[in-house]
Amino acid sequence: MYMVYWSTIEEGAGVPHAEPFDTSDMVEAMKFMEALRARQRAGEAVRFITMCSEHPDVVGHPGVDVTGPDYNWKKRRR
């Protein structure tokens with residue numbers, strides 16, 4: 001799944017917005033973002049245009065996980 005986030009400036013304050021897109025609609029999300037950027041270039045008060053994704057079938061948990069005592073990773077140094 002993709003989410004496009006952006007803010008508009010209304011009466012001097014930032015107003016957050018979001019638009020969801022299906023996992024198979026990345027191209028549509030990119031087109032939507034470009035339309036927002038076109039509005040921004042045209043002088044509209046559109047700011048902070050960004051996209052993030054989260055796959056619904058992800059295997060692990062997001063973020064940092066705790067390792068066990070048997071975890072022994074070492075960085076290879078040259």
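Heads up: numbering here begins at 1 and tracks the sequence. Here the structure is a predicted model, which means the values were calculated and not measured.
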Q | Residues clustered with Y5, ILVMFWY side-chain links under 4.5 angstrom | A | M3
Q. By side chain to side chain contact (heavy atoms under 4.5 Å, CB included), which residues pair with M1, not counting sequence neighbours?
A. P20, T23
(Q) So, taking the atom named CD in Q40 and the one named CH2 in W6, what distance separates them when rounded to the nearest 0.5 Å? (A) 13.0 Å
Q) Residues in side chain to side chain donor-acceptor pair (under 3.5 Å) with D22, at least two apart? A) S24
Q) What residues, two or more places apart in sequence or in another chain, satisfy salt bridge (charged side-chain N to carboxylate O under 4.0 Å, His left out) together with E19? A) none
Q: Applying salt bridge (charged side-chain N to carboxylate O under 4.0 Å, His left out), name anything that partners R39, two or more places apart in sequence or on another chain.
A: E44
Q.
Applying side chain to side chain contact (heavy atoms under 4.5 Å, CB included), can you list everything that pairs with S53, at least two apart in sequence or on another chain?
A. Y2
Q) Hydrophobic cluster mates of I9, side-chain heavy atoms under 4.5 angstrom, ILVMFWY only, any path? A) none
Q: Return the set of residues passing side chain to side chain contact (heavy atoms under 4.5 Å, CB included) with A13 (not counting sequence neighbours), or none when no residue passes.
A: none
Q. If you round to the nearest 0.5 Å, how far is CG of L36 from CZ of R41?
A. 10.5 Å
Q | Residues forming a side chain to side chain donor-acceptor pair (under 3.5 Å) with E28, sequence neighbours excluded | A | none
Q. How would you list, by chain and number, every residue that makes a side chain to side chain contact (heavy atoms under 4.5 Å, CB included) with E11, sequence neighbours excluded?
A. none
